[in-house]
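Accompanying notes for the structure given below.
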Amino acid sequence: MNPKTLLEEYDIVPRKSLGQNFLHDPNMLDKIVSIAELTPNDLVLEVGPGTGLLTERIANAAKQLISIEVDERLQPLLEEVVAQHPNLSIRYQDILTLDVNKLYENQPYVVVANLPYYITSAIIRYFLESNHRPTRLVLTMQMEVAERMIAKPDDMSILSVSVQFFGRPQIAARLKPSVFWPRPEVDSAVVRIDTYEQPIVDVPNNQIFFRMVRAGFGQKRKQLKNSIASGLGLNADQTAAVFDTSKIDSRRRAETLTLEEWAMLTRAYVALVV
Ligand code: SAM
């Protein structure tokens with residue numbers, strides 16, 4: 001059954017404020033599961049099962065699935081999916097309130113989600129910055145966010161630096177608005193992120209690395225020496241020393257730096273100032 005018919009049967013009207021655009025194309029639903037390369041040993045977490053069409057496919061492919069849905073109106077409909085899949089359980093809460101460290105008792109797990117677009121970045125940050133990171137994430141999101149995530153030096157942003165610090169993102173499929181009901185206004189993409197066991201660059205402390213990155217991007221189109229001095233509260237001598245030690249031209253702009261260059265700046269800052 002398609003999502004429109006299912007929701008009408010249960011008298012539920014989709015809520016735009018919850019990012020409720022349901023994917024109804026069976027080929028695309030199958031494709032998302034195949035991109036995730038699930039095996040019967042995999043433990044999976046899904047964000048936002050909605051009408052359960054992706055959920056049932058994940059449950060068929062994986063060992064165990066926990067799905068987190070904030071909208072309790074969907075419970076009667078989703079209970080029917082649970083009844084047919086003993087390896088599926090659904091919790092009705094906001095994903096951002098889930099204690100991911102307790103999930104699956106510290107065993108490896110995979111995240112698959114057709115994300116609610118209003119909190120795409122918050123959800124990605126939530127998983128990547130947690131102490132119990134998934135081994136991979138297969139996420140449907142706005143095309144524009146997907147493209148920002150896979151950007152290369154010259155077009156980097158806080159988002160691309162943060163995602164590429166923890167994992168390798170790739171666009172695995174592109175989706176037109178017509179595969180959803182109701183139709184969103186933008187094109188979408190399925191992004192697969194394979195996470196690293198350790199961040200890709202060597203930094204003494206992740207928090208200080210991100211403080212450096214946020215400072216660097218803090219003042220749009222300014223030279224790094226200005227944005228970093230003001231973002232980190234450094235005087236002129238300290239700023240000059242950080243750039244001399246890391247051998248990075250202080251006139252460059254944040255969007256041009258590689259991850260290794262951000263790491264070099266962080267190491268110099270920690271050695272000289274912190
Ligand atoms: N998985 C379904 C599909 O592929 O058609 C639904 C995807 S729809 C884009 C996003 C889903 O996330 C909706 O079911 C919505 O209710 C749910 N959702 C929205 N905000 C949420 C939150 N903070 N925590 C958990 N689920 C949320």
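No hydrogens, no waters, no symmetry mates; every other heavy atom, side chains included, goes into these values. Counting starts at 1 for both ligands and their atoms, following the listed order. Numbering of residues begins at 1 and proceeds along the displayed sequence.
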Pairwise side-chain contact, Y92 with V70, heavy-atom cut-off 4.5 Å (strictly under) | no

Is any side-chain heavy atom of S250 less than 4.5 Å from a side-chain heavy atom of L224?
-> no

Identity and distance of the protein heavy atom lying nearest [atom]:
atom: atom 17 (C) of ligand 1; value: E69 OE2, 3.4 Å
atom: atom 26 (N) of ligand 1; value: V70 N, 3.4 Å
atom: atom 24 (N) of ligand 1; value: I95 N, 3.0 Å
atom: atom 5 (O) of ligand 1; value: L23 N, 2.9 Å
atom: atom 8 (S) of ligand 1; value: G19 O, 3.5 Å
atom: atom 19 (C) of ligand 1; value: L18 O, 3.1 Å

Given W262 and F217, is the ring-ring contact (aromatic ring centres under 6.0 Å, His included) satisfied, shown in steps?
-> CA-CA 11 Å; W262 284 115; F217 281 101; 5.5 Å; yes

Is there a nitrogen or oxygen of [X] sitting under 3.5 Å from a nitrogen or oxygen of ligand 1?
X: G48; answer: yes
X: T51; answer: no
X: N114; answer: yes

Against heavy atoms of [X], which atoms of ligand 1 measure under 4.0 Å?
X: Q20; answer: 13 (C), 15 (C), 16 (O)
X: G50; answer: 6 (C), 14 (O)
X: E46; answer: 1 (N)
X: L115; answer: 9 (C)
X: I68; answer: 25 (C), 26 (N)

Qualifying residue for side-chain contact (heavy atoms from CB on, under 4.5 Å) with V270, from I208, V203, N205 | I208

Carboxylate-amine/guanidinium proximity below 4.0 Å for [X] and [Y]:
X: R267; Y: E260; value: yes
X: R174; Y: D187; value: no
X: R136; Y: D42; value: yes
X: R252; Y: D249; value: no
X: R192; Y: E37; value: yes

With a 4.0 Å heavy-atom cut-off (strictly under), which part of [X] contacts ligand 1: side chain, backbone, both or neither?
X: Y118; answer: side chain
X: D94; answer: both
X: Q93; answer: backbone
X: P49; answer: backbone
X: I119; answer: side chain

Distance-only polar pair, side chains of E46 and S67, donor-acceptor under 3.5 Å | yes

Examine the side chains of Y10 and E80 and answer whether a donor and an acceptor come within less than 3.5 Å of each other.
-> yes

F209/F165 aromatic ring centres below 6.0 Å | yes

